There are 2 protein chains.
Amino acid sequence: MELTPTGTVILGFLSEGEKSGYDIKTQVDKSTRFFWTASYGQIYPELRRLKDAGMIEEAGPSEGERKRIAYRLTEDGRRTFEQWLLAPASTLEMRHEGLLKLFFADSVDTRHRQDLISGIAQQHREKLDQLKAVEAGIEQADDELACDLVLRFGIEFQEWIIDWCERETRRKEA
Amino acid sequence: MELTPTGTVILGFLSEGEKSGYDIKTQVDKSTRFFWTASYGQIYPELRRLKDAGMIEEAGPSEGERKRIAYRLTEDGRRTFEQWLLAPASTLEMRHEGLLKLFFADSVDTRHRQDLISGIAQQHREKLDQLKAVEAGIEQADDELACDLVLRFGIEFQEWIIDWCERETRRKEA
DNA sequence: GCTCCCATGTAATTGGTTACATGATTCA
DNA sequence: TGAATCATGTAACCAATTACATGGGAGC
């Protein structure tokens, strides 16, 4: 069966253990958010579809827990997830308004162009702070865990962009 | 008036001179595509809306040209464009399936995890080739032009990611 | 008892891609 | 004359956000 974009991230998180829609949303927000988002409006309907397709099943609430609906992968779901994981990735998209503005900045003066570069740096500094906060929440940053590796990628990635902006600013000043 | 995402890129390209919907699509594909896409299904209806809103007007075909509809900015359109340019950027999104797979790769063995990293590098190598082809098409890469600056950003950005993947691969081998 | 957070869900709207339809012009 | 490219446009569909509605439980 075809996986929707949100379907992949749901199966991915469920491959780590039982989770509810709320859990998945929480985890997305503090981990994959920087390269793969999902909203409640997508998650809950998609959980329904995956269940109807037999890829996940309700695990029911644990003892003494407040009312919630946890799901787990079925055999079929795990197979589909692993197939997805090993298939070549395709989706690779970026929408970066700051770069778009800079691209069209030939009509404005140098000072404003510099402001645009500063603005880009600022946006990525905020992302960097968020990622570092996530990193601080991990006991020991274990590079052997793939998810920590991706987190580290995210941090270095933001740092590179910020550095590019600063280099460019210095180059202009010189 | 509120600008839609596609509206911004249309005003941006028209700020450089008269262009048709077809022209805009062609230019998007060989320049902003890497951080801002647009399809015919968005461009043509949006041209209509911008015209109805009085931001652009038909310039008509030039002498001896084949049938086409070129547009130019109105005063109002130029003002809106400049306001957008100087306002803080907001949209900053990425959807990177390769990173998502790597993030969930703890359940697979080291070899497959390495394949995922190689796959990411490969995707960005292709992007890099495309960008270099664009760069080769420019007479002299003039860093003083903002659009060339963004092109160079794109190239170095791809190179950084490829380098990260290679560093990570070597680190694993060691 | 009030507020905050947990938790699930839907409806309206937006934004976008893809595939298709159509036809003119250029060039081999 | 046939293929490629220029050129405009629409319809069907997909994906996603946002805002809203609802209610239970925890802790002050």
Side-chain angles (χ1 to χ4, degrees), chain A residues 1-10 13-14 18-30 32-53 56 58-71 90-97 100, chain B residues 1-10 13 18-30 32-33 35-53 56 58-71 90-97 100:
Chain A
M1 182 201 158
E2 287 304 304
L3 275 180
T4 63
T6 303
T8 63
V9 77
I10 290 178
F13 276 114
L14 292 186
E18 295 179 3
K19 283 180 183 68
S20 66
Y22 189 84
D23 293 337
I24 291 170
K25 172 64 173 157
T26 306
Q27 305 235 72
V28 162
D29 281 345
K30 67 169 194 177
T32 70
R33 172 171 44 142
F34 305 99
F35 52 90
W36 204 273
T37 62
S39 62
Y40 287 127
Q42 283 291 106
I43 290 171
Y44 284 113
E46 184 64 26
L47 282 169
R48 163 82 51 99
R49 274 194 295 276
L50 289 170
K51 190 181 135 193
D52 290 348
I56 63 176
E58 287 188 26
S62 310
E63 294 296 309
E65 262 185 340
R66 65 164 65 191
K67 178 197 130 207
R68 65 197 271 277
I69 310 170
Y71 295 88
S90 47
T91 304
L92 176 49
E93 294 159 15
M94 201 155 103
R95 212 151 250 260
H96 198 307
E97 199 181 358
L100 188 66
Chain B
M1 182 203 160
E2 289 302 305
L3 274 180
T4 64
T6 302
T8 64
V9 77
I10 289 177
F13 276 115
E18 295 180 4
K19 285 181 182 66
S20 66
Y22 188 85
D23 293 337
I24 291 170
K25 171 64 172 156
T26 306
Q27 305 234 73
V28 162
D29 281 345
K30 67 170 193 176
T32 71
R33 172 171 46 142
F35 52 91
W36 204 274
T37 61
S39 61
Y40 287 126
Q42 283 290 110
I43 291 171
Y44 284 113
E46 185 63 26
L47 281 171
R48 164 82 52 99
R49 275 194 295 275
L50 290 171
K51 190 181 136 195
D52 290 347
I56 62 177
E58 288 188 25
S62 311
E63 294 295 309
E65 262 185 341
R66 63 163 67 193
K67 177 195 130 207
R68 64 197 272 276
I69 310 170
Y71 295 87
S90 47
T91 304
L92 176 50
E93 295 159 14
M94 199 156 103
R95 213 150 247 259
H96 197 307
E97 199 180 0
L100 188 66

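Note that the structure is a prediction, hence the values are computed from the model and not measured. Reminder, nothing fancy here: chain letters follow the sequence lines and each chain counts from 1.
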- Item | Side-chain heavy atoms of A:W36 within contact of A:V28, under 4.5 Å |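 The answer is no; the side chains never approach within 4.5 Å.
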I need the [atom1]-[atom2] distance between [X] and [N], as an integer number of Å.
X     : N      : atom1 : atom2 : answer
B:D29 : C:dT18 : CG    : P     : 11 Å
A:E2  : C:dT17 : CD    : C1'   : 16 Å
A:L47 : C:dA7  : CG    : P     : 14 Å
B:D23 : D:dG9  : CG    : P     : 13 Å
B:I43 : D:dT8  : CD1   : P     : 10 Å
B:I69 : C:dT22 : CD1   : P     : 18 Å
B:I10 : D:dG9  : CD1   : P     : 12 Å
A:Y22 : C:dT10 : OH    : C1'   : 18 Å

Ignoring backbone atoms, establish whether [X] has a side-chain N or O less than 4.0 Å from OP1 or OP2 of [N].
X     : N      : answer
A:R95 : C:dG16 : yes
B:T6  : C:dG15 : no
A:T37 : D:dA16 : no
B:Q42 : C:dG16 : yes
B:Y44 : D:dT8  : yes

- Query: Honestly, is A:K25 close enough over A:Y40, meaning NZ or CZ under 6.0 Å from the six-membered ring centre and within 45° of the axis?
  - Reply: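 Yes, A:K25 lies over the aromatic ring of A:Y40.
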- Message: For B:Y22, is there any backbone N or O sitting under 3.5 Å from a side-chain donor or acceptor partner on B:T26?
- Response: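 Checked: pair present.
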- Item | Polar side-chain atom of A:E97 near backbone of B:S90 as donor-acceptor pair, under 3.5 Å |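 Looks like yes, one N/O pair under 3.5 Å.
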- Task: Check step by step if side chain to side chain donor-acceptor pair (under 3.5 Å) holds for B:T4 and B:R49.
- Result: CA-CA 10 Å; B:T4 64; B:R49 275 194 295 275; 5.2 Å; no
- Query: Contact class for A:G41 vs. all strands (heavy atom < 4.0 Å): base, sugar-phosphate, or nothing?
  - Reply: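 It contacts base atoms.
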- Task: Using the closest heavy atom to pick a nucleotide of DNA chain D for each, name whichever of A:Y40 or B:S20 lands nearer the 5' end.
- Result: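 Per heavy-atom nearest nucleotide, the more 5' residue is B:S20.
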